[in-house]
Amino acid sequence: MSKVIFLTGDHRSADSTDGLAAGAPHGPGEPLLDARRRPLHDLRISVTDRCNFRCTYCMPREVFDADYTFMPHSALLSFEEITRVAGVAVQMGVRKLRLTGGEPLLRKNIEVLIGMLAALRTPDGKPVDITLTTNGTLLEKKAAALKQAGLARVTVSLDALDEHKFERMSDSRVSVETVLRGIDEAARVGLAPVKVNMVVRKDLNDDQILPMARHFRGSGHILRFIEFMDVGDSNGWNLSEVLTGAEILQRIAAEFPLEPAQAAYRGEVAARWRYADGAGEIGLITSVSQPFCGDCTRARLSPEGKLFLCLFASQGHDLRSLLRGGAGDEEIAARIAAIWSGRGDHYSELRGRETAQRKKIEMSYIGG
Ligand code: SAM
Ligand code: SF4
Ligand code: SF4
């Protein structure tokens, strides 16, 4: 793969773990570090492998068709089981929880789970940050209940403003208007700032970059452009379809001058840029052209309770058998610590021939 040059230096946050030992047993109050000295800070929880969209880059209909077997409900972690894992993780240093899927708003009574997670406290008595990523179809209806349950913010995926393009990307009959109404309602009830994720596929929806930028400038919402990634084994990914963050930035900057903004925290996946005229900011998620594995502090819990250490992993580590086998919290914590301290994943830095043959989990199963 050819090396892609980014427009400026990396302005994500600097490594803040200098001087800490990797993979070492951690005592109370010490961060749990993996083999590359990255702390466990975020837990992404996929609550379902089902979705009402068939985005071509995530769940192509040829694969996820009427014969596709999704997980039975009995296989999914219950809300109590999810909360238990999250609670243990919070005691171990996790400060951010993100619900995802599949489409997380399809999971019945998701606001009950959010309420349970919102009741968790860190060892020094603070609540954790709870967010959710959604395709927005059910958001208008559910935003108020989600907010009331304790959700802090939402990220909404939207790949085009043009109805025809949107239909082609999402392979659904849902209108752009429905998603826009969901975004507005989320902001209205205080799930803000709303982040809007746009996956860019060259020659498919890259003509939507500027209309999307124009639409969301000055709205208070943060538009983030995501490079098309080689997640899973079914989306037919090809490097030639990736429009790099640098190219996206150039297109926007030609119409609206931009300046770099500092990362808000270590491990923030999006490089932030703000409009020079004060009309807000955008983000670029450049997993392909400019990987950010060095700052990756995220673990992922699958719907049936496997802990994954990387979006591009082939295998997860089963926690459900511990949960259902009567293990105590200390045993679960010890298992998570053992798994995390052995973590060396940095797929995006290796992407290329070395990783081409690897079998990977699907994005719709583990979430973004
Ligand atoms: N269904 C929800 C949604 O679409 O927001 C949550 C799950 S979805 C898997 C999470 C995020 O992953 C979405 O923003 C989606 O656009 C992104 N995503 C899925 N497949 C991708 C791919 N191949 N490359 C880049 N981003 C992808
Ligand atoms: Fe569904 Fe989200 Fe995947 Fe699209 S990206 S198919 S909305 S899980
Ligand atoms: Fe994290 Fe894996 Fe993505 Fe690297 S490739 S940033 S380790 S999820």
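Order of appearance sets the numbers: ligands from 1, and atoms from 1 within every ligand. For clarity, every value in this text was computed on a predicted model and none was experimentally measured.
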Nearest protein heavy-atom contact for [atom]: which residue, which atom, what distance?
{"atom": "atom 16 (O) of ligand 1", "value": "Val199 CG2, 3.1 Å"}
{"atom": "atom 17 (C) of ligand 1", "value": "Met363 CE, 3.8 Å"}
{"atom": "atom 24 (N) of ligand 1", "value": "Met229 N, 2.9 Å"}
{"atom": "atom 10 (C) of ligand 1", "value": "Gly368 N, 3.6 Å"}
{"atom": "atom 22 (C) of ligand 1", "value": "Val231 CG2, 3.6 Å"}

Can you find an N or O of [X] that's nearer than 3.5 Å to an N or O of ligand 1?
{"X": "Ile226", "answer": "no"}
{"X": "Tyr57", "answer": "yes"}
{"X": "Ser157", "answer": "yes"}
{"X": "Asn197", "answer": "yes"}

Exercise for review: Considering the heavy atoms of Arg300, write down every atom of ligand 3 situated less than 4.0 Å from one of them.
Suggested key: 8 (S)

Review point. In terms of side-chain geometry, is the basic nitrogen of Arg84 or Asp329 positioned less than 4.0 Å from the acidic oxygen of its partner?
Key: yes

**Study point:** Salt-bridge contact Arg38-Asp34 (side-chain N to carboxylate O under 4.0 Å)
**Key:** yes

Is it the case that [X] and [Y] place a side-chain donor and acceptor less than 3.5 Å from each other?
{"X": "Arg36", "Y": "His346", "value": "yes"}
{"X": "Tyr347", "Y": "Asp230", "value": "yes"}
{"X": "Thr297", "Y": "Asp42", "value": "yes"}
{"X": "Ser172", "Y": "Arg54", "value": "no"}
{"X": "Thr286", "Y": "Ser289", "value": "no"}

Determine yes or no for a side-chain-to-main-chain donor-acceptor pair under 3.5 angstrom, with [X] supplying the side chain and [Y] the backbone.
{"X": "Gln91", "Y": "Thr122", "result": "no"}
{"X": "Arg320", "Y": "Leu77", "result": "no"}
{"X": "Arg61", "Y": "Asp171", "result": "yes"}

Study note, to complete from the structure: Result, protein N, O or S atoms below 2.8 Å from atom 2 (Fe) of ligand 3, excl. waters, equals 1

Check your understanding: In this structure, are over 12 heavy atoms from other groups packed under 6.0 Å from Gln148 atom CD?
Key -> no

Review point. Is Glu255 atom CD crowded by more than 12 heavy atoms from other residues, nucleotides or ligands, each under 6.0 Å away?
Key: yes

Check your understanding: Could you walk me through whether Arg217 and Asp277 pass the salt bridge (Lys or Arg N to Asp or Glu O under 4.0 Å) check?
Key -> CA-CA 10 Å; Arg217 257 171 60 81; Asp277 64 1; 2.8 Å; yes

Residue-ligand contact [X]/ligand 1, heavy atom below 4.0 Å:
{"X": "Met198", "result": "no"}
{"X": "Ser364", "result": "no"}
{"X": "Gly102", "result": "yes"}

Study note, to complete from the structure: Honestly, for Thr133 the part within reach of ligand 1 (heavy atoms, under 4.0 Å) is both

Practice item. Please work out whether any backbone atom (N, CA, C, O) or any side-chain heavy atom from C-beta onward of Thr134 is under 4.0 Å from ligand 1, and answer side chain, backbone, both or neither. Key: backbone

Review point. Taking atom 1 (Fe) of ligand 2 as the centre, how many protein N/O/S atoms fall inside a distance shorter than 2.8 Å?
Key: 1

Point to revise | side chain to side chain donor-acceptor pair (under 3.5 Å) between Thr244 and Glu247, worked out | key: CA-CA 5 Å; Thr244 66; Glu247 292 169 297; 3.0 Å; yes

**Study point:** Co-membership, hydrophobic cluster, residues Leu284 and Ile222, 4.5 Å side-chain
**Key:** no

Check your understanding: Got a sec, which residues hit salt bridge (charged side-chain N to carboxylate O under 4.0 Å, His left out) with Asp65, two or more places apart in sequence or on another chain?
Key -> none

Residue [X] vicinity, atoms of ligand 1 by number, heavy atom under 4.0 Å:
{"X": "Phe228", "value": "23 (N), 24 (N)"}
{"X": "Asn135", "value": "2 (C), 3 (C), 5 (O)"}
{"X": "Thr100", "value": "6 (C), 7 (C)"}

Check your understanding: Hey, does Gln208 have a side-chain heavy atom less than 4.5 Å from the side chain of Phe166?
Key -> no

**Study point:** cation_pi(Arg300, Phe308) dist<6.0 Å, angle<=45
**Key:** no

Practice item. Please list, chain by chain and in numerical order, all residues satisfying side chain to side chain donor-acceptor pair (under 3.5 Å) with Ser348, sequence neighbours excluded. Key: Ser287, Arg351

Point to revise | Candidate with minimal heavy-atom separation from atom 2 (C) of ligand 1, of Met59, Arg44, Glu103 | key: Glu103

